[in-house]
Undergrad: 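Okay, handing you the structure first.
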Amino acid sequence: MAERETVDMWFDPICPWAWVTSRWLLEVEKVRELDMRFHVMSLSVLNSGREVPEQYAKLLETGWGPVRVCIAAEREHGTAVLRDLYTALGTRIHLGRQELGRQLYVDALTDVGLDPALADAAESTEFDEALVASHNAGMKPVGTDVGTPVIHAPGPVPGQPVAFFGPVVTPAPKGEAAGRLWDGVVLVAGTPGFYELKRSRDEDPSFD
């Protein structure tokens with residue numbers, strides 16, 4: 001039996017496309033010898049100082065809250081805590097359409113048995129240095145002209161992982177279909193000189 005390998009994904013809880021990709025990765029974990037590990041990036045950090053549409057700017061301002069809460073939880077309990085916390089946050093944000101704010105963070109923390117007081121981090125800059133460090137660790141190999149999801153995966157050469165943005169897909173493939181997509185994504189991402197495969201999106205994110 002092949003030894004299980006680790007795949008790392010960087011997420012921002014507010015991004016619906018990253019949420020769909022994360023649910024796909026959890027399906028891949030069931031059908032391939034892979035373990036998924038989650039980390040925090042921040043669209044608010046990424047777009048700091050950039051000119052963006054007013055509505056998006058308002059979202060980014062609010063978006064500091066959930067990533068700060070995630071980093072605070074990670075600092076206290078370790079990276080493994082992000083798997084369930086991201087699921088709790090994403091379920092409430094994307095499926096439940098709960099408004100970003102302290103009550104959402106308290107509810108999500110409570111869902112996974114964490115101290116609700118960690119929600120205080122949403123309004124604090126205490127963990128911003130750690131947030132930026134986590135963000136940079138994910139983004140450095142792929143550049144700053146992409147957002148989330150970002151994935152670091154085992155490459156075709158042992159010990160040399162590949163990093164890429166995406167895939168952006170909806171809805172999340174299930175079962176062996178999820179595994180086949182993974183096989184294809186890793187194949188192209190691991191091809192020297194391969195940079196981009198893209199087409200215009202004509203569907204909104206589906207959380208089915």
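We're numbering straight along the sequence, starting at 1. Every heavy atom of this structure was used, including side-chain atoms; hydrogens, water molecules and symmetry mates were not. Just so it is clear, the model here is predicted, and its values are computed rather than measured.
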Undergrad: So, E74 versus T79: side-chain donor-acceptor pair below 3.5 Å or not?
TA: yes
Undergrad: Once you measure the plane-to-plane angle for W24 and W182, does it fall in the parallel (<30°), tilted (30-60°) or perpendicular (>60°) bin?
TA: tilted
Undergrad: Taking all atoms of both residues into account, what is the closest heavy-atom pair of A18 and D12, and its distance?
TA: CB-O, 4.5 Å
Undergrad: Check whether NZ of the Lys or CZ of the Arg R23 lies under 6.0 Å from the centre of the six-membered ring of W19 and within 45 degrees of that ring's axis.
TA: yes
Undergrad: Taking a hydrophobic cluster as the set of Ile, Leu, Val, Met, Phe, Trp and Tyr residues connected by side-chain heavy atoms closer than 4.5 Å, whether directly or through intermediates, do V52 and L43 fall within one such cluster?
TA: yes
Undergrad: Can you tell me how far the CG atom of L26 sits from the CG atom of L34, to the nearest 0.5 Å?
TA: 11.5 Å
Undergrad: Roughly how far, to the nearest 0.5 Å, is the CG atom of D8 from the CD1 atom of I151?
TA: 10.0 Å
Undergrad: Evaluate the side chain to side chain contact (heavy atoms under 4.5 Å, CB included) criterion for residues L46 and T144: first the C-alpha distance (whole Å), next the side-chain angles of each, then the deciding distance (0.1 Å), finally the verdict.
TA: CA-CA 7 Å; L46 181 68; T144 58; 4.2 Å; yes
Undergrad: With side chains defined as the heavy atoms from C-beta onward, is the minimum distance between V7 and P154 less than 4.5 Å?
TA: yes
Undergrad: With the side chain counted from C-beta on, respond yes when W10 and H135 share a heavy-atom pair under 4.5 Å apart, and no when they do not.
TA: no
Undergrad: Check the hydrophobic clustering (I, L, V, M, F, W, Y; side-chain heavy atoms under 4.5 Å; chains of links allowed) and say if V188 and V186 are grouped together.
TA: no
Undergrad: With no hydrogens and no angle check, is any side-chain donor or acceptor of R68 less than 3.5 Å from a backbone partner on D128?
TA: no
Undergrad: Under 4.5 Å between any side-chain heavy atoms of L104 and I93, yes or no?
TA: yes
Undergrad: Do the side chain of E27 and the main chain of A178 share a donor and acceptor less than 3.5 angstrom apart?
TA: no
Undergrad: Using every non-hydrogen atom in the two residues, find where T148 and M41 come nearest and quote the distance to one decimal.
TA: CB-SD, 3.6 Å
Undergrad: Answer whether the closest heavy-atom distance between the side chains of R83 and M36 falls below 4.5 Å.
TA: yes
Undergrad: Supply the atom-to-atom distance R37 CZ to E29 CD, rounded to the nearest 0.5 angstrom.
TA: 12.0 Å
Undergrad: Spell out, yes or no, whether V146 and Y56 are grouped together once hydrophobic residues are joined by side-chain heavy atoms under 4.5 Å, including indirect joins.
TA: yes
Undergrad: A side-chain contact here means heavy atoms from C-beta on lying under 4.5 Å apart; do W17 and T170 qualify?
TA: yes
Undergrad: Could you go through the side chain to side chain contact (heavy atoms under 4.5 Å, CB included) check for V20 and V168 one step at a time?
TA: CA-CA 8 Å; V20 176; V168 175; over 6 Å; no
Undergrad: Side chains of F11 and P149, heavy atoms from C-beta outward: is any pair under 4.5 Å?
TA: no
Undergrad: Do H94 and F207 pass the side chain to side chain contact (heavy atoms under 4.5 Å, CB included) test, and can you show the C-alpha distance, the side-chain angles, and the key distance before you say yes or no?
TA: CA-CA 8 Å; H94 303 298; F207 308 125; 3.8 Å; yes
Undergrad: From K174 NZ over to D208 CG, what is the distance, rounded to the nearest 0.5 angstrom?
TA: 7.0 Å
Undergrad: Around atom NZ of K140, are there more than 12 heavy atoms of other residues, nucleotides or ligands at under 6.0 Å?
TA: no
Undergrad: Assess whether a salt bridge exists between R32 and E176, defined as any Lys/Arg side-chain N lying under 4.0 Å from an Asp/Glu carboxylate O.
TA: yes
Undergrad: Counting only N and O atoms by type, is there a donor-acceptor contact under 3.5 Å from the side chain of H39 to the main-chain atoms of S134?
TA: no
Undergrad: What heavy-atom pair brings P158 and P156 nearest, and what distance separates the two atoms?
TA: CD-O, 3.6 Å
Undergrad: Do R4 and E33 sit within salt-bridge range, that is, some charged N less than 4.0 Å from a carboxylate O?
TA: yes
Undergrad: Does R50 CZ have over 12 foreign heavy atoms under 6.0 Å away?
TA: yes
Undergrad: Applying the 4.5 Å side-chain criterion to the ILVMFWY set and letting contacts propagate, would L95 and L25 be lumped into a single cluster?
TA: yes
Undergrad: Should V67 and I71 count as side-chain neighbours, where that means a heavy-atom distance under 4.5 Å?
TA: no
Undergrad: May I ask whether F194 and V157 are part of the same hydrophobic cluster, defined by side-chain heavy atoms of I, L, V, M, F, W, Y residues being less than 4.5 angstrom apart, directly or through others?
TA: no
Undergrad: For H152 and F164, indicate whether the former's side chain and the latter's backbone hold a donor-acceptor pair under 3.5 Å.
TA: no
Undergrad: Looking only at heavy atoms, which two atoms of P13 and L89 are closest? And how far apart?
TA: CG-CD1, 4.2 Å
Undergrad: I need the minimum non-hydrogen distance between A119 and Y105, along with the two atoms involved.
TA: CB-CB, 3.9 Å
Undergrad: Compare all side-chain heavy atoms of D107 with those of Q103 and state whether any distance is below 4.5 angstrom.
TA: yes
Undergrad: Measure the CG-SG distance between L131 and C70 for me, rounded to the nearest 0.5 Å.
TA: 9.5 Å
Undergrad: Looking at E61 and K58, is there a salt bridge between them, counting it only when a charged N and a carboxylate O are closer than 4.0 Å?
TA: no
Undergrad: Just how far is it from atom CZ of R92 to atom CG of D111, taken to the nearest 0.5 Å?
TA: 4.0 Å
Undergrad: Of the non-hydrogen atoms in V106 and T110, which two are nearest, and what is the gap between them?
TA: O-OG1, 2.8 Å
Undergrad: What do the steps show when you test L59 against L100 for side chain to side chain contact (heavy atoms under 4.5 Å, CB included), and what is the final call?
TA: CA-CA 9 Å; L59 175 63; L100 294 178; 4.2 Å; yes
